[in-house]
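Just follow the structure's listing: the first ligand is 1, and inside any ligand the first atom is 1.
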Amino acid sequence: MKYTILDCYTDEPAGLGVPPYLGTYPRYIAGYLDEDVHYLTIDDLRLWRKHNSRVKETKPSQKTDITTYNLTSNYKDVKKILEETDTLIVVLGIHVPGKYLSAVPGTLHEIMPLIKDLKCKKILTGPAVFGTQLHGGKFREKADLTLFDKIDYSLFRFKYSDVKDYSVEGAQILKQIPDYRMIEIETGHGCDIGKCSFCTEPIKNRVEFRDKDDVLKEITEFYKLGARFFRLGKQTCFYTLPYAIDLLKEIRKNCPELKVLHIDNVNPVKVVMDKNHEITKAVVKYCTSGNIAAFGIESFDMEVVKANTLNTAPNIAYEAIRILNKYGADTGQDGMPRYLPGINIIFGLRAESKKTHEENMKWLKKIYDEGLMLRRINIRQVAIFEGTSLYNEGKDKFLRKNKKFYWKWRNDIRQNIDWPMLQRIVPRETVLTNCYAEIYDGKTTFCRQFGTYPLIVGVKGRLELKKFYDIEITGHMLRSITGKVVIKKEIEDVNF
Ligand code: SF4
């Protein structure tokens, strides 16, 4: 039986699998199948369908084609691989749509015509089994899924003891990926609070944590295969993990040459509850710098917090932001502050009004005026999924009502908070080390460090892509920066 995994990429509240991240789903499936499995990306498939698997050079006037950028080492043989495939497993699903610098996740509408004439059995899995939507402010994509022989929920119905070996064996798919990848590591799923009106996590998973040794074995396996960039990102709150500090210590012991170790979601309530701030101190000590705790604050308006049973009141959020700044604001080796909060704000929740924006601005200004730092403010319009309380009550009522204000609200935050904040975080002449050149847009090259929510740096000229550079900051845009190259480096010289 010949299996092929087609990775159309995934993005969820807890877990990212859009390049340069490698998500967990294709890895666990590869480990489970326990035979030679081909791993393809949606980019491989597009390149085959659009250009007969031939890579086109980007002309100096053009932008890099990010729809065919993330090729596997199998890209030249896609046709043959698919013709010989007995079962095609499609991994797909975007639940928290974002902007992706160097990838475009596949949608159901895109993928179905591309695979419909393949003779093999077709299985759909990943978050898309609960719906998918690449654009914020909309309901899930409507699609007739009868093309698929099976809609497979098993990736959401397992116990961690069932996948502990698969997660390690699945690391082998890294051999089919020629570029560097940030390995998204799962430590737990489900949410012990689990009430936010818009969130699909409590529907998908019950609360469970992986065994510390299983997590370590998986990371060590990737490390042996050459992976050096890791994010402990697939969980709803890193601070809730019973063994958070020990895990960080042991990763550093087992993987002495790793280059990036970051985390992702953190519940601000748990930061405030953390006794003597032990977890915060350990994150600063054992993770690499440029690290961010993504706080799902969603709104600073108490009316919205209550109406959507959000987990963090504004005063708690503020306190957690203060604590992280106290320990993490110093500049680390990569030129970024060691560990800062990032916050998420969602438009379109129940009870949203003009006052919501006023409350958001009031708290954001207070944070800025007190000299605190927020590494990034992620603003998105809610995507509405069946099964959530928002779907059952309210749906897109507030989205429709307030949509006309969103550009203004977002712009207010970008101009008056993000922009001055960015100048505080990375003043001119700061040198950001180990920025990876990812794409061209005309005569500009866009680079990023590997990490959790790295800053995008625009550099004049066309640098050699997929190489590392130390870059001195020369200016600030609203959410990105400009810079000039100080040194070009090989991966061996990338140290933190
Ligand atoms: S805290 Fe809310 S948004 Fe975060 S995972 Fe739990 S239910 Fe979802």
Between [X] and [Y], does any side-chain N to carboxylate O distance fall below 4.0 Å?
{"X": "Lys362", "Y": "Glu359", "answer": "yes"}
{"X": "Asp192", "Y": "Lys270", "answer": "yes"}
{"X": "Glu352", "Y": "Lys401", "answer": "no"}

(message) Can you tell me if, anywhere in Cys196, an N/O/S atom lies at a distance from atom 6 (Fe) of ligand 1 that is smaller than 2.8 Å?
(response)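 Cys196 does not place any N, O or S atom closer than 2.8 Å to atom 6 (Fe) of ligand 1.
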(request) Check whether any side-chain N or O of Glu184 sits under 3.5 Å from a backbone N or O of Leu16 as a donor-acceptor pair, and report yes or no. (result)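 Side chain of Glu184 to backbone of Leu16: a pair is present.
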Counting from 1, what ligand 1 atoms have a heavy atom of [X] closer than 4.0 Å?
{"X": "Thr236", "value": "5 (S)"}
{"X": "Phe198", "value": "3 (S)"}
{"X": "Cys199", "value": "3 (S), 5 (S), 7 (S), 8 (Fe)"}
{"X": "Lys195", "value": "7 (S)"}

(request) Output yes if Cys191 passes the N/O/S-under-2.8 Å test against atom 8 (Fe) of ligand 1; output no otherwise. (result)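 Within the cut-off used here (under 2.8 Å), Cys191 places no N, O or S atom near atom 8 (Fe) of ligand 1.
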(message) Listing request: all ring-ring contact (aromatic ring centres under 6.0 Å, His included) pairs with a residue in residues 305-340, at least two apart in sequence or in separate chains.
(response)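 Pairs touching residues 305-340 that pass the test: His277-Tyr327.
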(message) Taking only non-hydrogen atoms of Asn311, do any sit less than 4.0 angstrom from ligand 1?
(response)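 Within the 4.0 Å threshold, so yes.
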(message) Could you check whether Arg376 makes a cation-pi contact with Tyr453, meaning its NZ or CZ is under 6.0 Å from the centre of the six-membered ring and within 45° of the ring axis?
(response)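 Geometry flag: set, cation within 6.0 Å and 45°.
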